[in-house]
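See below for the structure under consideration.
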Amino acid sequence: MANNEELFKQIIAHAKEYGFIFPSSEIYDGLSAVYDYGQNGVELKNNIKQYWWKAMVQYHDNIVGLDSAIFMHPTIWKASGHVDAFNDPLIDNKDSKKRYRADVLIEDHIQKIEDKINKEVEKARKRFENFDEKMFRETNGRVLQYQKQIDDITERFAAMMNANDLAGLKALIEELGIVCPISGTRNWTDVRQFNLMFATKLGSVSDGADTIYLRPETAQGIFVNFLNIYKTGRMKLPFGIAQIGKAFRNEIVARQFIFRMREFEQMEMQFFVKPGEELKWFDYWKQTRLQWHTDLGIAPENYRFHDHEKLAHYANAATDIEFKFPFGFKELEGIHSRTNFDLSQHEQYSGKKLRYFDPELNENYVPYVIETSIGVDRMFLAVFSNAYTEETLEDGSTRVVLKLPAKLAPYKAAVLPLVKKDGLPEIGQEVFDMLKKDFMVQYEDKDAIGRRYRRQDAIGTPFCITIDNQTKEDNTVTVRERDTMAQYRLPIADLTVELMKKLR
RNA sequence: GCGGUAGUAGCUCAGUUGGCAGAGCGGCGGCUUCCCAAGCCGCAGGUCGCGGGUUCGAACCCCGUCUACCGCUCCA
């Protein structure tokens, strides 16, 4: 495990040293869990997005794209459930260092009192023949006393939750004598609210509802545009809407480099299907998405499905594609069967009909949805950490090479005159000018050739094109492959076509 | 948020008891070189994470703080 920690640190250091990822605001001491993508990182990231967009939008005639705004009407987040779900009051026990949801602690306490009532009922049932449970519950003194406690607590608890009275919740927990199940003490911190949505203010929304949120997921932008795209695109079920965009979550703890950031980017596709067909399509997307990953040439054993046992309230099936990161298998992509929950919620909150008219059945209904959702940054980390390789060569020397899938590499080729004289740089410039129209290419003529190869290895450039004296005679160049270091000669005129072939 | 560990040049790291802030690699300008880093010459690059305190004097001691990594916790 220590080895993996060391490896992860080296990967992070490499990402910085070679212009892939920098800590945000670094000259001001940085900003926790925010990162910037540097000159090579932005290329790799863009290539990942393009690979996804092509696979989803370009290769499916029934999937279209969308770029919805980050700002959205605040009611959307009430409809989606995020306003409530992202507002948990949390409290820590200072002795056990464990954190709990304050509302859950109180609910558990209420449950304990209910258990006591049930015990009384069971005792009585054994004692009396012709036991009338309803009568007993309504008349037994001890039960009534317990029930009164429950009613009191529930009433005050509900009022506090509605009023967002955090100090009151703490007082209630202390008053009820709730102890930490681990430490057994009542040594609690104050109750704090962790709202996982970032709020900001918009100038003029009616009725003082001027708080708006930075979206915590891109999916809702798709749902609220369902009708627009269905109508204007003349879409027929099943069809999908794909979107790539930033999302923001005020994570309590954001950690592990770019794995969990406060500002991150998602690639989401919502696939609308006929009710009853959702599980068929769920399986289809499960396989299709896994295929997308393994098509990159990354070993399949780095991936596994993790099917959810406990489903969210809106889902009737869910799985994660997990990837073997340097710190273990973690979620890379989620595939969820979200039923018609989201569209139904938006129907209810907006008062608009979000329905599909099915010409075959001659009736309309709210479509079901299969969601595929992958984090761009997590994909970046998966590809990057998988590519990072330290090799010892036959002659005992070492090299660090990023074995990136060629189509994702920041630069596709480097043009390198073998020496900086004899007219070779001039030819190199011509080759560079020819290739740059179709590919990201680098030209470099400083330092010994071996050193330049190593530099290109370190940023994952799959091909190095070397100009030598023979080039002047027959217009051929050496192509050197990154992973094998094998070399072969090609006519300059064939370079573009050959590169295209290799990058498909 | 709690605990542990760390922060000195772009990177990796030395820095003795408190006494002129260093090395290797890398970068830049040259030289050399016809195929895989560590040949030669030269140059640039630092408020020792930040703030305060102790001291004649602080990279070093004390306090605070920020950031990162690991563990706990959280993750519709």
Side-chain angles (χ1 to χ4, degrees), chain A residues 1-2 4-6 8-10 12-14 16-19 22-35 77 80-88 90-101 182 189-190 192 194 196-197 216-217 219-220 249-257 259-260 308 310-315 318 320 326-327 330-331 334 336 338 341-342 371 373 391 393-401 416-422 424 446-458 464 466-472 477-480 482 485-487:
Chain A
M1 237 23 214
N4 278 347
E5 273 175 34
E6 205 48 47
F8 189 40
K9 278 182 182 166
Q10 276 166 14
I12 294 168
H14 190 84
K16 185 185 170 191
E17 185 168 359
Y18 287 92
F22 307 123
S24 163
S25 318
E26 199 181 7
I27 62 170
Y28 289 97
D29 267 346
L31 186 62
S32 184
V34 185
Y35 291 89
W77 305 114
S80 71
H82 284 87
V83 171
D84 295 328
F86 278 66
N87 266 299
D88 300 331
L90 300 177
I91 189 167
D92 293 352
N93 183 273
K94 289 177 188 170
D95 299 313
S96 65
K97 310 294 183 197
K98 294 288 173 185
R99 170 169 294 157
Y100 302 91
R101 279 174 53 175
I182 306 286
T189 63
D190 286 341
R192 283 159 303 180
F194 288 89
L196 294 199
M197 282 196 292
E217 63 174 25
Q220 298 306 323
R249 291 183 199 177
N250 210 354
E251 301 283 356
I252 299 168
V253 174
R255 263 320 163 65
Q256 275 157 335
F257 196 37
F259 184 80
R260 178 170 292 118
H308 290 205
K310 208 180 95 194
L311 295 169
H313 56 286
Y314 55 72
D320 295 335
F327 40 84
K330 295 275 182 180
E331 179 185 352
H336 294 206
R338 295 181 74 127
F341 174 81
D342 298 277
E371 168 187 274
S373 173
E391 281 183 351
L393 305 178
E394 280 176 15
D395 63 1
S397 65
T398 60
R399 67 168 186 159
V400 173
V401 50
L416 313 171
L418 191 57
V419 292
K420 196 179 176 181
K421 61 178 184 185
D422 302 336
L424 302 187
K446 167 138 176 92
D447 292 326
I449 188 69
R451 193 177 297 205
R452 281 178 280 166
Y453 286 151
R454 298 298 167 91
R455 269 204 291 267
Q456 295 299 330
D457 288 341
C464 287
T466 305
I467 321 292
D468 56 19
N469 274 321
Q470 190 182 331
T471 308
K472 292 192 287 189
V477 293
T478 306
V479 177
R480 178 258 195 192
R482 178 193 65 201
M485 304 200 294
Q487 297 185 347

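Chain identifiers are assigned alphabetically (A, B, ...) following the order of the sequence lines, protein sequences preceding nucleic acid strands; residue numbering begins at 1 within each chain.
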Item to check | Distance, C1' atom - from B/G30 to B/A68, rounded to whole angstrom | outcome: 40 Å
Item to check | Whole-Å C1' distance, B/C50 and B/G7 | outcome: 11 Å
Next on the checklist: Applying a 4.0 Å non-hydrogen cut-off, can you work out what A/S80 is touching in the nucleic acid: base, sugar-phosphate, or nothing?
Outcome noted: nothing
Next on the checklist: Tell me the interatomic distance from A/D422, atom CG, to B/U32, atom P, rounded to whole angstroms.
Outcome noted: 11 Å
Item to check | 5' priority, RNA chain B, between A/G450 and A/K9 [closest heavy atom] | outcome: A/G450
Next on the checklist: Could you tell me the Watson-Crick or G-U partner of B/G1, where both distances fall under 3.5 Å? Say none if there is no partner.
Outcome noted: B/C72
Checklist outcome for this item: Of the candidates B/C35, B/G30, B/C69, the side chain of A/T478 sits closest to B/C35
Item to check | Interatomic distance, A/D447 CG vs B/C25 C1' [rounded to whole Å] | outcome: 13 Å
Item to check | Nucleotide nearest A/Q487 when distance is taken to its side chain, options B/C36, B/C69, B/G26 | outcome: B/C36
Checklist outcome for this item: Across every strand shown, the nucleotide meeting Watson-Crick or G-U wobble geometry with B/U33 (both distances under 3.5 Å) is none
Checklist entry - Of the nucleotides B/U12, B/C69, B/C35, which has the atom closest to the A/A13 side chain? => result B/U12
Item to check | Any strand: nucleotide that pairs with B/A38 via Watson-Crick or wobble, under 3.5 Å | outcome: none
Checklist entry - Is A/R455 touching bases, backbone alone, or none of the nucleic acid, heavy atoms closer than 4.0 Å? => result sugar-phosphate
Checklist entry - If you look at every strand shown and take non-hydrogen atoms under 4.0 Å, does A/L418 touch a base, only sugar-phosphate, or nothing? => result base
Item to check | Any-strand Watson-Crick or G-U partner of B/U65, both distances under 3.5 Å | outcome: B/G49
Item to check | Side-chain touch A/V477/A/T466, heavy atoms, less than 4.5 angstrom | outcome: no
Checklist entry - Checking all strands, does A/F341 fall into the base, sugar-phosphate, or nothing category for heavy-atom contacts under 4.0 angstrom? => result nothing
Checklist entry - Ring centres of A/F8 and A/F327 under 6.0 Å apart? => result yes
Checklist entry - Are A/D457 and A/R480 within salt-bridge range, i.e. N to O under 4.0 Å? => result yes
Next on the checklist: Just verifying a value: how many Å separate A/R482 CZ and A/Q456 CD, rounded to the nearest 0.5 Å?
Outcome noted: 11.0 Å
Next on the checklist: Nearest 0.5 angstrom please: A/E331 CD to A/F259 CZ, how far?
Outcome noted: 7.0 Å
Item to check | A/I12 CD1 to B/U12 P, straight-line distance once rounded to whole Å | outcome: 11 Å
Checklist entry - For the side chain of A/K16, counting heavy atoms from C-beta on, which of B/G10, B/U33, B/C35 is nearest? => result B/G10
Checklist entry - Ion pair present between A/D447 and A/R455, side-chain N to carboxylate O less than 4.0 angstrom? => result yes
Next on the checklist: Using a heavy-atom cut-off of 4.0 Å across all strands, would you classify A/E217 as base, sugar-phosphate, or nothing?
Outcome noted: base
Next on the checklist: Could you measure the distance from the CG atom of A/D320 to the NE2 atom of A/H308? Nearest 0.5 Å is fine.
Outcome noted: 3.0 Å
Next on the checklist: Strictly by Watson-Crick or wobble contacts shorter than 3.5 Å, is anything paired with B/G27, and which nucleotide is it?
Outcome noted: B/C43
Next on the checklist: Would the base of B/C35 count as contacting A/D468 through its side chain, where contact means a donor and an acceptor less than 3.5 Å apart?
Outcome noted: yes
Next on the checklist: For a quick check of understanding: with a heavy-atom distance under 4.0 Å over all strands, which category does A/R454 fall into, base, sugar-phosphate or nothing?
Outcome noted: base
Checklist entry - Which whole number of Å gives the distance between the C1' atom of B/G18 and that of B/C62? => result 13 Å
Checklist entry - Which value, in whole Å, describes the distance between the C1' atoms of nucleotides B/G46 and B/U8? => result 8 Å
Checklist entry - Which one, B/G29, B/G27, B/A68, comes nearest to the side chain of A/R451? => result B/G27
Checklist outcome for this item: By nearest-nucleotide position on RNA chain B, the 5'-leaning member of A/Y453 and A/E17 is A/E17
Next on the checklist: For the P atoms, the ones on B/C13 and on B/C20, what distance do you get once it is rounded to whole angstrom?
Outcome noted: 25 Å
Item to check | Closest nucleotide among B/C69, B/A37, B/U33 to the A/V419 side chain | outcome: B/U33
Checklist entry - Does a distance-only test, which skips hydrogens and angles, find a donor-acceptor pair under 3.5 Å between the side chain of A/R480 and the base of B/C36? => result yes
Next on the checklist: How many whole angstroms separate atom CG of A/L393 from atom C1' of B/A37?
Outcome noted: 10 Å
Next on the checklist: I'd like the C1' distance from B/C40 over to B/U65, given in whole Å.
Outcome noted: 48 Å
Item to check | Same-atom distance (C1') from B/C2 to B/G10, integer angstrom | outcome: 35 Å
Checklist entry - Which value, in whole Å, describes the distance between the P atoms of nucleotides B/G39 and B/A44? => result 24 Å
Item to check | Opposite nucleotide pairing with B/G22, Watson-Crick or G-U, both atom distances under 3.5 Å | outcome: B/C13
Item to check | Residue A/K446, side-chain atoms from C-beta onward, closest of B/A68, B/C36, B/C28 | outcome: B/C28
Next on the checklist: Any side-chain N or O of A/K421 below 4.0 angstrom from OP1/OP2 of B/U33?
Outcome noted: yes
Checklist entry - Which part of the nucleic acid, if any, lies within contact of A/Q470, taking any heavy atom under 4.0 Å across all strands shown: a base, the sugar-phosphate backbone alone, or nothing? => result nothing
Item to check | A/T478 OG1 to A/I449 CD1 distance, which is reported to the nearest 0.5 Å | outcome: 9.0 Å
